[in-house]
Number of protein chains: 2
Amino acid sequence: MTDPIDLGAFLRQRGHRLTNPRRLVWDVLGAARGHLTAEQIATRVGRRDSRINLASIYRSLTLFAELGLARESILGTDGAGRWEVAHPDDEFHLICGRCGDVQHHGGDLVEQVRSHLGNYHAFKAATIELSVTGLCSSCVV
Amino acid sequence: MTDPIDLGAFLRQRGHRLTNPRRLVWDVLGAARGHLTAEQIATRVGRRDSRINLASIYRSLTLFAELGLARESILGTDGAGRWEVAHPDDEFHLICGRCGDVQHHGGDLVEQVRSHLGNYHAFKAATIELSVTGLCSSCVV
DNA sequence: TAGTAATTGCAAACAGTTCGCAATTACTAT
DNA sequence: ATAGTAATTGCGAACTGTTTGCAATTACTA
Ligand SMILES: [Mn+2]
Ligand SMILES: [Mn+2]
Ligand SMILES: [Zn+2]
Ligand SMILES: [Zn+2]
């Protein structure tokens, strides 16, 4: 399912070190099915090594995001960031307003937006954030 | 340009009162060309009535959002909310990563997303948040 | 194995926003 | 116009999520 990336090699190649916090954060992200808040990640990491600080969780996540390994999205009504292993942004988020479920939706819609803007509006899109809130199929009446 | 809505009547009709904070926040939002943070709104409101508190700004904005009069978006890299007079969500945000400019982009793209999800994926979209970061035409090299 | 810079844990700071509560105010009904 | 009443305000303090400075620790390199 997930590409078995060698985190140590990947990090070292870019001048970073493989540390316990980083390894554990990465493991937790990989094992999670969905999106996790930093707090949730900290809890899970803490079960494996209780010494690891929340600040280090944030630092790991920030680094992973810079390296393109992880991705943060603001999904809830609270402004909290939710993290996951990176997926391309043409896979977007469907957030059910009733049950809170978040699903991914792939397809060429986002790509259409990108090329439309590029071709007709001279806007060179870097990241496209698309998230849709509504009612999922099991919550529609 | 802007519909001359009668704020007092509008509010009273829904059981709210027209107060000074609300009137001034509404004026500021209407007069602004772009998106303002609560802090920016507070500054501008404060020039007209320095007694008005930041908390009241937030309370006014929250109320306006609930009534569909105003709209909050998270546009920058900081998590700060930016406010403006409501516009339909099929007008989305183009954020230039270099100069910080935010423009609106209308069109049927968002509507396509909505009907695609509805027709083929049984997902009843309520709000669609689409924002694109990249380089605006004057910042592309 | 030792040397060195990167990284950590901790606590404190921070930004943006919300909340409790007594005082004030806008509306309603006389 | 006035008084009554509930909605709203200002104020400060609390809160949430995140970041930062710094001394102590640790991962890598040689
Ligand atoms: Mn996702
Ligand atoms: Mn806008
Ligand atoms: Zn649902
Ligand atoms: Zn620009």
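Throughout, protein chains are lettered first and strands after them, A, B, ... in sequence-line order, and every chain is numbered starting at 1.
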Problem set entry | Rounded distance (Å) that lies between atom P of C/dC27 and atom CG of B/L7 | 10 Å
Exercise. Quick one: which of D/dT9, C/dT8, C/dC10 gets closest to the side chain of A/S56?
Worked result: C/dT8
Exercise. Thinking salt bridges, do A/R48 and A/D27 make one under a 4.0 Å N-O criterion?
Worked result: yes
Exercise. Is B/R17 near enough to D/dA6 that one of its side-chain N or O atoms lies under 4.0 angstrom from OP1 or OP2?
Worked result: no
Exercise. Nearest to the side chain of B/N53, which nucleotide is it out of D/dG10, C/dC10, C/dA5?
Worked result: D/dG10
Exercise. Given D/dT9, is OP1 or OP2 found less than 4.0 Å from the side-chain N or O atoms of B/R51?
Worked result: no
Exercise. Using the ring of each side chain (for Trp, its six-membered ring), is B/H87 parallel, tilted or perpendicular to B/H93, with breaks at 30° and 60°?
Worked result: perpendicular
Exercise. Could you give the CG-to-P distance, from A/L11 to C/dA5, as a whole number of Å?
Worked result: 20 Å
For this session: Send over the distance from B/I57 CD1 to D/dT9 P, rounded to a whole Å.
Result: 10 Å
For this session: Give a yes/no answer on whether the side chain of B/H16 brings an N or O atom under 4.0 Å of OP1 or OP2 in D/dA7.
Result: no
Exercise. Contact class for B/L18 vs. all strands (heavy atom < 4.0 Å): base, sugar-phosphate, or nothing?
Worked result: sugar-phosphate
Problem set entry | Pair A/H16-A/E66, side-chain donor/acceptor within less than 3.5 Å | no
Exercise. D/dT8 P sits how many Å from B/L67 CG, rounded?
Worked result: 10 Å
Seminar exercise, completed: Taking for B/I74 and for B/G8 the nucleotide of DNA chain C with the nearest heavy atom, the one nearer the 5' end belongs to B/I74
Seminar exercise, completed: For A/I74 and A/G79 the tightest heavy-atom approach is CD1-O, 3.6 Å
Exercise. For C/dC10, what is the paired nucleotide under Watson-Crick or G-U wobble rules, both distances under 3.5 Å?
Worked result: D/dG21
Problem set entry | Touch class at under 4.0 angstrom, heavy-atom based, for B/G81 against every strand present | sugar-phosphate
Exercise. Can you check the A/D49 CG to C/dG9 C1' distance for me, whole Å?
Worked result: 11 Å
For this session: Using only side-chain N and O atoms of B/T19, determine if any of them is under 4.0 Å from OP1 or OP2 of D/dT9.
Result: yes
Problem set entry | Contacts of type ring-ring contact (aromatic ring centres under 6.0 Å, His included), residue A/F123, not counting sequence neighbours | none
Problem set entry | Candidate nucleotides D/dT20, C/dT17, C/dC19, ranked by approach to the side chain of B/A38 - the nearest | C/dT17
Seminar exercise, completed: Ranking B/E39 and B/N20 by the position along DNA chain C of their nearest nucleotide, the one closer to 5' is B/E39
For this session: Check whether any side-chain N or O of A/R59 sits under 4.0 Å from OP1 or OP2 of D/dT19, and answer yes or no.
Result: no
Exercise. In terms of side-chain heavy atoms of A/P21, which of C/dG9, D/dC28, D/dG17 is nearest?
Worked result: C/dG9
Exercise. Looking for any heavy atom pair under 4.0 Å, which part of the strands does A/I52 touch: base, sugar-phosphate only, or nothing?
Worked result: sugar-phosphate
Problem set entry | Closest to the A/R12 side chain, choosing from D/dC28, D/dG12, D/dA27 | D/dC28
Problem set entry | Complementary nucleotide for C/dG20 - Watson-Crick or wobble, under 3.5 Å | D/dC11
Seminar exercise, completed: Correct closest heavy-atom pair for B/L54 and B/A42 would be CD1-CB, 3.8 Å
Exercise. A/F92 vs A/H105 aromatic rings, parallel, tilted or perpendicular, using cut-offs 30° and 60°?
Worked result: tilted
Problem set entry | Rounded distance (Å) that lies between atom P of C/dA15 and atom CG of A/D78 | 21 Å
Seminar exercise, completed: Rounded to whole Å, the NE2-P distance (A/H35 to D/dG17) equals 18 Å
Exercise. Quick one: A/L54 CG to D/dT20 C1', roughly how many Å, whole number?
Worked result: 13 Å
For this session: State the pairing partner of D/dT29; accept Watson-Crick or G-U wobble contacts with both distances under 3.5 Å, and report none otherwise.
Result: C/dA2
Seminar exercise, completed: Against the side chain of A/Y58, the closest entry in D/dG10, C/dG16, D/dT19 is D/dT19
